[in-house]
There are 2 protein chains.
Amino acid sequence: MPPASRTTSSARPMRADARRNYDRILAAAAAAVAEHGAEASLEEIARRAGVGSATLHRHFPSRQQLLEAVFREKVETLCATAADLATGPDPRTALATWLRAVARHAVSNRGLAASLMRGAHDGDTTLGATCHTMITEAGANLLARAREANAARPDVSITDLLTLVNAICLAVEQEPDGQAQADRLLTLALTGVHPAGETN
Amino acid sequence: MPPASRTTSSARPMRADARRNYDRILAAAAAAVAEHGAEASLEEIARRAGVGSATLHRHFPSRQQLLEAVFREKVETLCATAADLATGPDPRTALATWLRAVARHAVSNRGLAASLMRGAHDGDTTLGATCHTMITEAGANLLARAREANAARPDVSITDLLTLVNAICLAVEQEPDGQAQADRLLTLALTGVHPAGETN
DNA sequence: GTACGATATGGAGGGCCACCCCGTTTTTGC
DNA sequence: GCAAAAACGGGGTGGCCCTCCATATCGTAC
């Protein structure tokens, strides 16, 4: 949702050129982030988008905000997935499946994990839901159901789980076989290092 | 082990002034890293050490090498701890205790986790054991014993465990209560998110 | 279709950084 | 002491992030 699409009520709609540049920057950012991860050079993004660096900074005052815009769609997908899974019969599997989905997205979209972690507490609490809060809320529901079904320790928070998932993804992000690694480590964390836990 | 202390056999010993600067840089780096984490400015380190930036780069061609030198002592401590614990009666507790010790060090020494993760595969395979390989070898022993005692899944590698620990530490490094967070998440990973595992 | 105010732009510049070149200084072995 | 070897560090290059402000563009009311 760009800041002032025509559906928005309050603020005046964006000027056409502003809107065009906004979209260009977003596209360039997506490409750059896919290529270089969350630390991609903002100047290069501006260059690729064919705009001045000032324009980029005006539209996205912080790197975090740019990343959030880039990933918003993916995050919404994950939230939708969570809602879907919440209607299933097995809360335990639902939670595990969802966390795996989060991991898959985070690994295949470089920088997503970083974006999901650093949420509000970076001074970017501005308007609108951050990726962080969006995903947290989506997961909370799944976790609550799992807990009711006795499929999750009661002292575990959704923040804990997401931190764990993102930590893992961040750690394996630049390994060649990151996807497999992340999956294995996540399974490990879910079922425990020590044996005798159930086989998930 | 500075590159050419007088005990080393092969290479000529360092010149006195080089040696002095090497030590100064290391001290300054330790202070700066403690203050700003692994991303501390190399120029500031050189400035604090009272040397030119070129001198710093000559002694430590890469940031990674500087970090490794800074943390070598700590890492050696951890390796010694591993050796100690390996003689104890309970391999399961020994492994868990050691991993917790690693986490504690990583959290309280900003940048250590990052240094432990990026091991050889950063092009810094140069001479000598990196922190990464040192700690891996130290842990391998503990894990082997735990596995024999059936206290660790056989398909878990020491690399997996260390990746997990470091990922967690990296993720919580800048939280205010990082220590507690890391401890909790580590316990979680060791015993599993799903209940019914043993209580560690 | 034009004129005008609001809005958006981007190049230039400041501050910071990593890294390297090379003339100069220091140390060492004799 | 002396000369060769070793180490030094100032300053340059190029990159980055971010801001200022003179200029260009857009939307609209007429």
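Only this structure's heavy atoms are used, side chains among them; waters, hydrogens and symmetry mates stay out. None of these values were measured; they are calculated from a predicted model. So that the names make sense, note that chain A is the first sequence line, chain B the second, and so on, each numbered from 1.
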Practice prompt. Nearest whole angstrom, please: distance from the C1' of D/dC8 to the CZ of B/Arg24.
Written response: 12 Å

Discussion item. In this structure, how many angstroms lie between the C1' atom of C/dT9 and the CG atom of A/Asn21, rounded?
Written reply: 8 Å

Worksheet item: What's the CZ-C1' distance between A/Arg19 and D/dT25, to the nearest Å?
Response: 18 Å

Worksheet item: Just by distance, do the side chain of B/Arg104 and the backbone of B/Ala182 share a donor-acceptor pair under 3.5 Å?
Response: no

Discussion item. In this structure, how many angstroms lie between the P atom of D/dA5 and the CZ atom of B/Arg58, rounded?
Written reply: 17 Å

Item to complete: Please collect all salt bridge (Lys or Arg N to Asp or Glu O under 4.0 Å) contacts where either partner lies in residues 143-152 of chain A, sequence neighbours excluded, each pair once.
Response: none

Discussion item. Which residues pass the salt bridge (Lys or Arg N to Asp or Glu O under 4.0 Å) test with B/Asp17, not counting sequence neighbours?
Written reply: B/Arg15

Worksheet item: C/dT7 P sits how many Å from A/Tyr22 OH, rounded?
Response: 19 Å

Item to complete: Sequence neighbours left out, what passes side-chain contact (heavy atoms from CB on, under 4.5 Å) with A/Glu73? Give chain and number order.
Response: none

Practice prompt. Report the residues that fulfil salt bridge (Lys or Arg N to Asp or Glu O under 4.0 Å) with B/Glu39, sequence neighbours left out, ordered by chain and then residue number.
Written response: none

Item to complete: Could you tell me the separation between the CZ atom of B/Phe60 and the C1' atom of D/dA7, rounded to a whole number of Å?
Response: 15 Å

Practice prompt. Would you mind listing every salt bridge (Lys or Arg N to Asp or Glu O under 4.0 Å) that reaches into residues 161-172 of chain B, with sequence neighbours excluded?
Written response: none

Contacts under 3.5 Å, N or O only, protein and nucleotides 16-19 of chain D:
{"unit_1": "D/dC16", "atom_1": "OP1", "unit_2": "A/Ser41", "atom_2": "OG", "d": "3.4"}
{"unit_1": "D/dC16", "atom_1": "OP2", "unit_2": "A/Arg47", "atom_2": "NH2", "d": "3.4"}
{"unit_1": "D/dC17", "atom_1": "OP1", "unit_2": "A/Leu42", "atom_2": "N", "d": "3.2"}
{"unit_1": "D/dC17", "atom_1": "OP1", "unit_2": "A/Arg63", "atom_2": "NH2", "d": "2.7"}
{"unit_1": "D/dC17", "atom_1": "OP2", "unit_2": "A/Ser41", "atom_2": "OG", "d": "3.4"}
{"unit_1": "D/dC17", "atom_1": "OP2", "unit_2": "A/Leu42", "atom_2": "N", "d": "3.0"}
{"unit_1": "D/dC17", "atom_1": "OP2", "unit_2": "A/Glu43", "atom_2": "N", "d": "3.1"}
{"unit_1": "D/dC18", "atom_1": "N4", "unit_2": "A/Glu43", "atom_2": "OE2", "d": "3.3"}
{"unit_1": "D/dC18", "atom_1": "N4", "unit_2": "A/Ser53", "atom_2": "OG", "d": "3.4"}

Response to the item:
Sequence neighbours excluded, the answer for side-chain hydrogen bond (donor to acceptor under 3.5 Å, both in side chains) partners of A/Asp177 is none

Practice prompt. For DNA chain C, find the residues of residues 27-38 of chain A with a heavy-atom distance under 4.0 Å and give them by number; none if there aren't any.
Written response: none

Worksheet entry | Partners passing salt bridge (Lys or Arg N to Asp or Glu O under 4.0 Å) against A/Asp160 (at least two apart in sequence or in another chain) | B/Arg184

Discussion item. Taking salt bridge (Lys or Arg N to Asp or Glu O under 4.0 Å) as the cut-off, I'd like each qualifying pair that reaches into residues 26-37 of chain B, sequence neighbours left out, listed once.
Written reply: B/Glu35-B/Arg48

Tabulate atom names and distances for all N/O pairs under 3.5 angstrom spanning the protein and nucleotides 25-29 of chain C.
{"unit_1": "C/dT26", "atom_1": "O2", "unit_2": "B/Arg15", "atom_2": "NH1", "d": "3.3"}
{"unit_1": "C/dT26", "atom_1": "O2", "unit_2": "B/Arg15", "atom_2": "NH2", "d": "2.9"}
{"unit_1": "C/dT27", "atom_1": "O4'", "unit_2": "B/Arg15", "atom_2": "NH2", "d": "3.4"}
{"unit_1": "C/dT28", "atom_1": "OP1", "unit_2": "B/Ala16", "atom_2": "N", "d": "3.2"}

Fill in: Qualifying salt bridge (Lys or Arg N to Asp or Glu O under 4.0 Å) pairs, either residue in residues 78-87 of chain B, two or more places apart
none

Worksheet item: So does A/His59 get a side-chain nitrogen or oxygen closer than 4.0 Å to the phosphate oxygens (OP1/OP2) of C/dA8?
Response: no

Worksheet item: Does B/Thr55 have a side-chain nitrogen or oxygen under 4.0 Å from the phosphate oxygens OP1 or OP2 of D/dG9?
Response: yes

Response to the item:
The residue among B/Leu164, B/Leu190, B/Ile168 that forms side chain to side chain contact (heavy atoms under 4.5 Å, CB included) with B/Leu99 is B/Leu190

